[in-house]
Amino acid sequence: MAYRPLTESVTGLEEEVLRTWDAEDTFRLSLDDRADAPDFVFFEGPPTANGRPGVHHILARTIKDLIARYRTMTGHRVTRIAGWDTHGLPVELEAEKELGISGKPEIEELGIREFNDVCRKNIFTYQDEWEKMSRRIAYWLDYEHPYVTCSSRFVESAWWAISEIEKRGLLYRGHRIVPYCPRCGTGLSSHEVAQGYRDVNEPSVFVKFHLVDDPDGARILSWTTTPWTLPGNLALAVAEDVEYVRVRVLEDQPDEAGKLPRRDGPGCAAPGEVLILAKARVESVMTHPYEVVGEVVGAELVGRAYEPLFPGAVERGGSEAAWTVLAADFVTTEDGTGIVHTAVMYGEDDYRLGVATGLPQQHTVDEAGHFMPEVPGGLGGLHVKDKGTERAIRDWMVENDLLYRREMYEHSYPHCWRCASALLYMARNSWYIRTTAVKDQLLANSASVDWHPPEIGSGRMGEWLANNVDWALSRERYWGTPLPIWLCSEDDSHRRVVGSYDELAGFAGDLGEDFDPHRPEIDEIGWECHEEGCGGHMRRVPEVADAWFDSGSMPFAQWHYPFENVDEFERHFPAHYIAEGVDQTRGWFYSLLAISTILFETSPYRAVVVNDLILDAHGRKMSKSRGNIVDPWDAIGEYGADVIRYYLIAGSNPWLPKRWDPSALHETERKLFSTLRHTYRFFVLYAGEEDWSHDGDRVAGEPTDLDRWILGRLDRLATTVGEGLESYDLTRAARQIQTFVLDDLSNWYVRRSRDRFWATGDDADPADTARAFTTLHECLSTSALLLAPFAPLLADWLYRALADGDSAHRADFPASADRFESELDQAMEDARELAALGRAAREDAGVRTRQPLAAVHAVVPGGRRLPESISALLAEELNVKQVVFLSDTGDLLRLSAKANFGVLGPKHGAQTPAVARAIGELEGDGLARLREGTGVEITVGDRVVEVAPEDVEILEHAQTELAMASSQGYLAALDTDVDEALRGEGLARELVNRVQRIRREEGLEVADRIRLIVAGAEDIENAAREHGAYIAGETLAVSVDVGNAGSADLTSVEIDDLDAMIRVERVSG
RNA sequence: GGGCCCGUAGCUCAGCCUGGUUAGAGCGCACGCCUGAUAAGCGUGAGGUCGGUGGUUCAAAUCCACCCGGGCCCA
């Protein structure tokens, strides 16, 4: 058989393979092959289908695909179901943009139905593009049966999960402090908040809180930059270990000019008044003269009661802690007074403290940003951010002697990105999952995961879990999984958390065909409360679920578990492996973990590989505003998918931020891919010439040392690549393949074997040629298999071309045949090191490689010698007649000893340096004995130390005039004398070189026979005569005619300043 | 403010977990070589004391502490 010529265009080859896959349905076949094989479970993290795929998605998808392909090759069935994340704010924002509306009031004006219709329609805007790109980068995934988070089936499974959480008593209603836009009536996501920070100059106030039952009638001084939260004040927070002082305000003293100090602005303190604040803050806060009349630590203040600032604004409701001093860990003395005003509903710390100590949870501000009617001082109904409001608050405080002073304060404050309103941090109703109740299990389950890199698990995820707060499940939005929670209009302790559509139908009657659970239809469904004698109406709560709950439910919801596919779910849970970006730590990794921990008491995944961002070539984050986003299609068109995939994996570990560097892509293409293609092309060319094929009947001779060496390396490579992939060390595995292909296979095995691939000379040995082909064929096809997970397209093409036509992705991953021989490998290493040194010596001496030399004198560390065949390789590589190993009996060699610190250190401790120095001074006899393996005694200072052979390394140095180079105990010294015979041979070789060039220039095929005519200087003609047979063999000349130029058309060349005339004539037939 | 990662040659990265004394690759640069793969390939050379400081140790790029710079996530 003839091997297929390589498709020259890289992208053309890739497209060709993709077409083959489409026609053959190779992905399906690869799954069917493994139908009865053990499962290797992979979960696809659903991308949001309303954004375009970028280059960073290629990285994530490559990592996913790579392991899946590898596991398939190791005999597993790797089910890979595509998924789409279809709910959530990004989809809503896109819909708002399309509809030209903004904010909740406008959405509700339009109608939730119309709005959600647009959301639903938009979901798959980019789906085609995702699938197209995934196909092109050879990401195999089952797109025919994707899970879609907004499908009825998926939502029903999510409902089931929520109802299970309720059954475990872990679902509750509370509040959540959100950055809230009172105009738009909506909470903002952190991403939105980040877009709207502005520097503002606003009043801040120092407020006097009148203590109850204080002998001095003291006031506690607190500070806030948001005066509108003061009516909601319910407590003062202090740090227990901070020192506070009581200070008495003194009379103002006239200055030198007899004037009293003037204070601008409202508020004051009368002489004799006693104020309490942190010792560290007194200097900067007090504007009056004062004296310190007492010191207390925070703990002593805890429990003291004070009078409400705005009586009646909030009802006590039986709370003991209301309007008292509380201890808190978030208090600092960096600004303010060291005493923090706490308005339970208007700050995150405040709310947490309120929950912990049982403070009332009551709003003083309504949804639109207006004070409630109960707030005294004429504030009721005012918008908290209106111009006059701050004035009204201030007036009330002045009237009631609550204000110490007021000053302007400049800081950065978030504003709504839509309407520029100042955001209010406000408690909103929210449904929570009590994840804190399972914190220990979360930590234990996370600890059981094989994280790559491990610090994600122990650090980022571990820290996050250790500080876990309850999961705020609900969103006050429209396009999402509706919370399946129904509350009674009369008593909201009557509630139903519905776990299936059947259950809902049981309460509310038939749901009809093709039931869709989304808003607003679901909001209409209700029923009479079932509680005895209640008579209330059950209505669904308006919220939808956090979209992370959807994606975290995919392990079971992708199977519509528990309603269907119970066995499929059980077989595919937990996942052996998932892979996503590091930003998913608190996203998908967390939501999967939390849900599975609660429902199934186990981690949903066993191994996780994370990837970091892809930066631009300058190390900057890619962003639209910078305009430095790389279009994946451009890159694919230029380099092809394989190169990109391999580069992304081999360049650096996936969990490090990676630069997108076109020059590195180019290098990857040249080094690994181009070399591999060249090697294949070389193989095809000569296999064709020699009519060899792997299933032919040519009998191969015994493997040479070189064959055994490369096959040993191949086996070792198969082992290490397999180990790397087993342990998710993808980068190391990828790099090893390149080293093998480039350095071992192409640049040594093929180079040193070249003339074995044509059986034309006098010493031709067809059996050996067959052996060389057999070896190269195995190396190429095994390399293709090893490369298949990384670069699936070229690998598949090569494997199909080299083997029997089946896809590489249906083959088994190569196993080592244990042919690695460490002594042979060491010898080859030695030879290659000596070859490098020999070339260096030639360069030094200015003698080119084509000039044969008599000998190289060589030294190998440890006195090793090379087997005959390896010596021959070395001689050929260096173009010398023989390799002479210097022996210590000769005059050429001098020995020295170097301490082996690793062995010496533990033996001698502090004496190590002295012993090492003494070893360095050893000479003659001692060295010789150590080299032969006997210990010697040396004197170090005043003691005698036994030095064993393993304590030292014996180095050999040449004492010679020869051209030499040495490194790391290796040495190569060339005998540069060129006698007449060598010179003749050199000239003959130059002639061969010139003839080959002419052959090429004249477009001859490699196997074409020629008639050769050589004329010119006497030395040239002599060399041509003497080495005619050699020249004829090398150039495929049927005749070499010397000195008889005649009238033929000759090409004139110059060799070492000598003129030569050459004619190459193709022999026809 | 908290957590995590990174900082080694002009550039991209190994090495660090498990400490051992001329710190390795590749790219780029300079010079040279080879070629029956050729709009390829190979070699040699120059170039770093491993972000800084302090500590542990006979010995630190490697372990510890603090600091500086960059990034990400969370507040």
Side-chain angles (χ1 to χ4, degrees), chain A residues 6 190 193 330 332 334 348-349 453-464 466-467 581-587 610 612-613 615 617-621 647 650-653 655-659 661 663-664 666-668 670-671 674-675 677-686 689 731-732 735 738-739 742-743 746-748 750-751 754-755 757-758 760 835-844 846-850 877 879 898-916 965 967-968 992-993 995-997 999-1000 1004-1008 1034-1036:
Chain A
L6 192 76
S190 58
V193 173
F330 55 79
T332 70
E334 274 164 31
E348 183 121 31
D349 287 335
E455 55 268 19
I456 291 291
S458 57
R460 202 175 267 222
M461 185 56 121
E463 292 293 332
W464 158 255
N467 299 311
V582 66
D583 54 334
Q584 297 296 329
T585 309
R586 287 153 169 80
V610 308
D612 207 318
L613 288 176
L615 309 171
H618 306 286
R620 291 172 313 189
K621 196 171 171 173
Y647 159 73
S652 62
N653 279 314
W655 46 85
L656 299 175
K658 190 183 314 292
R659 295 182 186 203
D661 185 353
S663 68
H666 187 237
E667 186 191 332
T668 300
R670 268 192 325 140
K671 294 201 104 69
S674 172
T675 303
R677 284 198 302 267
H678 267 298
T679 308
Y680 175 77
R681 211 179 282 136
F682 175 89
F683 168 79
V684 172
L685 178 60
Y686 294 109
E689 293 296 337
T731 301
R732 192 188 290 250
R735 287 174 172 171
Q738 173 169 316
T739 302
L742 184 61
D743 296 340
S746 172
N747 285 331
W748 193 254
V750 175
R751 187 148 65 94
R754 267 207 193 97
D755 55 12
F757 290 101
W758 43 89
T760 49
L837 291 170
R839 284 190 291 260
R842 269 191 180 271
E843 187 175 336
D844 242 20
V847 185
R848 64 171 164 263
T849 310
R850 277 195 296 271
E877 174 71 15
N879 196 16
K898 186 183 148 201
N900 182 351
F901 282 87
V903 178
L904 227 44
K907 281 190 194 170
H908 298 291
Q911 296 304 312
T912 308
V915 176
S967 158
Q968 307 281 328
V992 168
N993 171 262
V995 171
Q996 302 293 19
R997 278 193 220 170
R999 281 183 63 113
R1000 179 172 312 287
L1004 272 67
E1005 298 294 325
V1006 292
D1008 284 341
E1034 291 295 309
T1035 61
L1036 301 186

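All heavy atoms count here, side chains included; hydrogens, waters and symmetry mates do not. In what follows, every chain begins at residue 1, and chains take the letters A, B, ... in the order their sequences are listed. A quick note: this is a predicted structure, and the numbers were derived from the prediction, not measured.
With rounding to the nearest 0.5 Å, the separation of NZ in A:Lys671 from CG in A:Asp743 is 8.5 Å. Rounding to the nearest 0.5 Å places CH2 of A:Trp758 at 9.0 Å from CG of A:Leu685. Here the CG atom belonging to A:Leu1004 is positioned 10.0 Å from the CD atom belonging to A:Gln996, to the nearest 0.5 angstrom. Interatomic distance, NE2 of A:His666 versus OG of A:Ser674, reported as 9.0 Å (0.5 Å rounding).
Between the side chain of A:Arg681 and the backbone N or O of A:Arg677, no donor-acceptor pair lies under 3.5 Å.
Backbone-only contact: A:Arg850 has heavy atoms under 4.0 Å from sugar-phosphate atoms and none from a base. Residue contacts for A:Arg754: at a heavy-atom cut-off of 4.0 Å it reaches a base atom on one of the strands shown. Looking at heavy-atom distances under 4.0 Å, A:Val750 makes contact with a base. Residue contacts for A:Ala664: at a heavy-atom cut-off of 4.0 Å it reaches no nucleic acid atom on any strand shown. A:Arg999 comes within contact range of no nucleotide atom at all, as no heavy-atom separation falls under 4.0 Å.
Mapping A:Thr849 and A:Thr679 onto RNA chain B via the closest heavy atom, the residue that lands nearer the 5' end is A:Thr849. Mapping A:Asp743 and A:Val992 onto RNA chain B by nearest heavy atom places A:Val992 closer to the 5' end of the strand.
Between A:Asn879 and A:Thr849, the side chains place no donor N or O within less than 3.5 Å of an acceptor N or O (distance only, hydrogens not considered).
Side-chain proximity of A:Asn747 to the nucleotides B:C27, B:C42, B:U21 is greatest for B:C42. When the nucleotides B:C27, B:G20, B:A37 are ranked by their closest atom to the side chain of A:Arg670, B:C27 comes out on top. Comparing B:C33, B:G20, B:A37 against the side chain of A:Phe682 picks out B:A37 as the nearest. When distances run from any side-chain atom of A:Glu667 to the nucleotides B:C27, B:A37, B:G41, the shortest one goes to B:C27. Among B:C27, B:G43, B:G36, the nucleotide with an atom closest to any side-chain atom of A:Arg839 is B:G43. For A:Thr912, taking side-chain heavy atoms from C-beta onward, the closest of the listed nucleotides B:A37, B:C58, B:C34 is B:C58. Of the candidates B:C58, B:A37, B:G43, B:C58 carries the atom nearest the A:Ala910 side chain, counting heavy atoms from C-beta on. Considering only side-chain atoms of A:Pro906, the nucleotide from B:G36, B:G20, B:G41 that sits closest is B:G20.
Taking a pair as Watson-Crick or G-U with both hydrogen-bonding distances under 3.5 Å, the stems of three or more pairs touching RNA chain B are B:1-7 with B:68-74, B:10-13 with B:24-27, B:29-33 with B:41-45, B:51-55 with B:63-67.
Rounding to whole angstrom units, CG of residue A:Leu904 and P of B:A59 are separated by 15 Å. We find that CG of A:Leu837 is positioned 15 Å from C1' of B:C42, with the value rounded to whole Å. In this entry the distance linking CG of A:Leu742 with P of B:G41 reads 9 Å, nearest Å. Whole-Å rounding puts the A:Phe901 CZ to B:U57 P distance at 19 Å. Rounded to an integer number of Å, the gap from A:Glu1005 CD to B:G36 P is 16 Å.
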N/O contacts under 3.5 Å, protein versus nucleotides 13-17 of chain B?
from, atom 1, to, atom 2, distance (Å)
B:C13, O2', A:Arg735, NH2, 2.8

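Between A:Phe757 and A:Phe682, the distance from one ring center to the other falls under 6.0 angstrom.
Side-chain N/O atoms of A:Lys671 include none lying less than 4.0 angstrom from OP1 or OP2 on B:G41.
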Taking distance alone, no hydrogens or angles, what donor-acceptor pairs closer than 3.5 Å link side-chain atoms of residues 904-911 of chain A to residues at least two apart or in another chain?
from, atom 1, to, atom 2, distance (Å)
A:Lys907, NZ, A:Asp951, OD1, 2.7
A:Lys907, NZ, A:Asp951, OD2, 3.2

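In A:Arg732, the CZ atom is not crowded: 12 or fewer heavy atoms of neighbouring residues, nucleotides or ligands sit closer than 6.0 Å.
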Residue pair A:Arg999, A:Asp1008: steps toward the side-chain contact (heavy atoms from CB on, under 4.5 Å) verdict: CA-CA 9 Å; A:Arg999 281 183 63 113; A:Asp1008 284 341; 4.0 Å; yes
